[in-house]
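As structure tokens, the structure follows; a few thoughts come after it.
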Number of protein chains: 2
Amino acid sequence: MAPSQPAAVRRATRPRDANETKERLLDAAERLFAERGFEGTSLRALTQEAGTSVSAANYHFGSKEELLRATLLRRVGPMNARRLERLDALERRAAGAPLPLEAILEAYLRPLFEEQEMRSHARFVAARLYSDPPELVSTLKQELFGEVSRRFLDALGRVFPERTRAELGLRFQFSVGSMVHVMSGNLQDAPHLEEPEVQREAAGELLSDASVLRELVAFLAAGLRAPLAATP
Amino acid sequence: MAPSQPAAVRRATRPRDANETKERLLDAAERLFAERGFEGTSLRALTQEAGTSVSAANYHFGSKEELLRATLLRRVGPMNARRLERLDALERRAAGAPLPLEAILEAYLRPLFEEQEMRSHARFVAARLYSDPPELVSTLKQELFGEVSRRFLDALGRVFPERTRAELGLRFQFSVGSMVHVMSGNLQDAPHLEEPEVQREAAGELLSDASVLRELVAFLAAGLRAPLAATP
DNA sequence: GTCTATATGTTGATAGAC
DNA sequence: GTCTATCAACATATAGAC
């Protein structure tokens, strides 16, 4: 049995729906880039996960690098749009008055916790922006986050009119750091979770999305409000 | 001149000092793993940077993975020792009383900013711990940071006796996130630095090591002190 | 649009001379 | 202890059949 088939029979080259293939490639890329990083993920492993071939990926995206780009663009764009929607809504309602600091932070953070598609994977991908090869993502960062950062810094500037933009920017970066760390999944292997009795308690409610978001907002708001450290 | 030498002459196989070679390999690994990550750095590029050969690296460390391990161990060990020294000194002087929160944070953070050898490279490497392949570094993380985290959480627990360890651990992770973000060099391409006039002002004093440390301590102390967010 | 087959380069690791 | 030479395995990307 199983003789070498005549060349003509090979296999029906079924032209699957192009968009579906693209989506499946993006899904696989998102998952694997998140888990293993860009360099740590081979196009072969990625396309196998997606149920296609290397050449299909290159047909659709041209190169591995462009695939990363597309992967990030698919999530970050909509996510930042939601952030700006929330900020816009707040500003409309406030009519010129400075916004409550907690509300600004929530507008920035909640979209990360909220959308189902975001939840499972894109957080990780967003985190990758801060650890993958800079020459790959640093222009993307500017491109993708330039407007959103400017808008939120403006809002913060109205809350703290006495601070310079540099001072605000530094605190903003501290905040982004906490956020990225959380999104990267570092809460799971936190040092205090070694002790098993604590593990149960913590896993229960405190580490739920809603709770982490609340705690993070409270933490960052207090940090941002802290008076500038005096130059000694 | 320069005829093809007889085989016997080839080149004097100069047995350089073994320790020096090892050090140079560690230096190169530190620099390149920091810049491009583990998977992004080839053993060839690394050994060329170190002025040796791939086989020398494998002779000394056995594998690329072990080289990463050694690279991290060289810096993180002494760094955490300095942290504990500082914490010990504080606790000796306090004689049982709770420590000032800012002092605890400084004991934890200052060693990152202080040692000359740390300054240029190891920060980056430490940051890598939070983005390189988890199966590679997550046990190392426990190994290297278990004790230090426990000790500092204990100290924080005495400052906030009313909080559970899980609550403290969560805030501690937020703090670690800010720290890692700063150490990863993300202050340099912060969003507000686009505007050129600000660039100069910021680069001047605010982004100096001493200033960033001060600001970070103030920020985190306030964040840690913030009352726990109420469960809605 | 998708495949198989292949071109071309690079990887980590090793063998063996010196 | 260090080198050169070489290995098999893997990488990304492309050509061409269907």
Side-chain angles (χ1 to χ4, degrees), chain A residues 2-29 32-33 35-71 132-133 135-136, chain B residues 4-29 32-33 35-71 132-133 135-136:
Chain A
S4 71
Q5 311 163 327
V9 183
R10 275 206 174 192
R11 175 154 44 85
T13 154
R14 59 209 154 106
R16 286 186 281 194
D17 181 70
N19 248 335
E20 191 203 308
T21 300
K22 261 178 108 157
E23 284 297 314
R24 277 214 316 280
L25 279 167
L26 287 170
D27 289 342
L32 294 181
F33 287 158
E35 272 173 27
R36 317 180 193 170
F38 180 72
E39 327 259 13
T41 304
S42 78
L43 219 38
R44 303 179 114 77
L46 196 158
T47 51
Q48 188 168 359
E49 172 97 6
T52 11
S53 66
V54 176
S55 29
N58 278 319
Y59 170 80
H60 284 294
F61 298 99
S63 74
K64 190 189 179 187
E65 207 165 306
E66 276 302 312
L67 175 55
L68 171 63
R69 217 184 128 78
T71 306
D132 267 339
E135 68 278 11
L136 246 175
Chain B
S4 72
Q5 309 162 328
V9 185
R10 270 205 174 191
R11 175 153 42 84
T13 155
R14 56 209 155 104
R16 286 185 281 192
D17 181 69
N19 248 334
E20 192 202 308
T21 300
K22 260 177 112 158
E23 285 295 315
R24 279 214 315 280
L25 279 167
L26 288 170
D27 289 342
L32 294 182
F33 287 158
E35 273 174 26
R36 316 180 194 169
F38 180 71
E39 325 260 12
T41 304
S42 78
L43 219 37
R44 302 178 116 79
L46 196 158
T47 52
Q48 188 168 358
E49 172 98 6
T52 9
S53 63
V54 175
S55 30
N58 278 319
Y59 171 79
H60 284 294
F61 297 98
S63 73
K64 190 188 179 187
E65 208 165 303
E66 276 303 311
L67 176 54
L68 171 63
R69 218 184 127 78
T71 305
D132 267 339
E135 68 279 11
L136 245 175

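A, B, ... follow the sequence lines: proteins, then strands. Residue 1 opens every chain. Computed over heavy atoms, backbone and side chain alike; hydrogens, waters and symmetry mates excluded.
Applying a 4.0 Å cut-off to non-hydrogen atoms, the residues of residues 58-66 of chain B that approach DNA chain D are B/Y59, B/H60, listed by residue number.
Between B/L46 and B/F33, some side-chain heavy-atom pair lies under the 4.5 Å cut-off. Between B/K22 and B/N19 the shortest side-chain heavy-atom distance falls below 4.5 Å. With contacts defined as side-chain heavy-atom distances shorter than 4.5 Å, the pair A/L67/A/N58 does not qualify.
Between the CG atom of B/L67 and the C1' atom of C/dT11 there is a distance of 15 Å, given to the nearest Å. What separates CD of B/E20 from P of D/dT2 is a distance of 9 Å, to the nearest Å. Going from atom CD of B/E39 over to atom C1' of C/dT11 covers 12 Å, rounded to whole Å. Distance CG (B/L43) to P (D/dT4): 15 Å, rounded to an integer number of Å. Between the CD atom of B/E23 and the P atom of D/dG1 there is a distance of 15 Å, rounded to whole Å. Atom-to-atom, CZ of B/R24 to P of D/dG1 comes out at 14 Å; the value is rounded to the nearest Å. The interatomic distance linking A/R36 (CZ) with D/dA11 (C1') rounds to 15 Å, in whole Å. Going from atom CZ of B/R44 over to atom P of D/dT6 covers 13 Å, rounded to whole Å.
Atom OG1 of B/T52 is separated from atom OH of B/Y59 by 13.5 Å, given to the nearest 0.5 angstrom.
Dashed line: the shortest gap from a side-chain N or O of A/T21 to OP1 or OP2 of C/dT2 is under 4.0 Å. Put simply, B/S53 has no side-chain N or O that comes within less than 4.0 Å of OP1 or OP2 on D/dT2.
For B/S42, counting side-chain heavy atoms from C-beta on, the closest listed nucleotide (C/dT11, D/dA13, C/dC3) is C/dT11.
Nucleic acid contact class of B/T41 (heavy atoms, under 4.0 Å, all strands): sugar-phosphate only.
Using modelled atom types, one side-chain atom of B/T41 and one backbone atom of B/L32 make a donor-acceptor pair closer than 3.5 Å.
Other residues, nucleotides and ligands contribute at most 12 non-hydrogen atoms within 6.0 Å of the CD atom of B/Q48.
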### Summary
A correct dot-bracket answer for DNA chain D, with pairs being Watson-Crick or G-U at under 3.5 Å, [ ] for crossing pairs and | for inter-strand pairs, is ||||||||||.|||||||

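Across all their heavy atoms, A/F38 and A/K64 have their closest contact at O-NZ, 3.0 Å. Contact detail for A/A45 and A/S42: the closest heavy-atom pair is N-OG, 3.0 Å.
The base of C/dT4 lies close enough to the side chain of A/S55 for a donor and an acceptor atom to sit less than 3.5 Å apart.
Salt bridge B/E20/B/R24: present, at least one basic N to carboxylate O contact under 4.0 Å.
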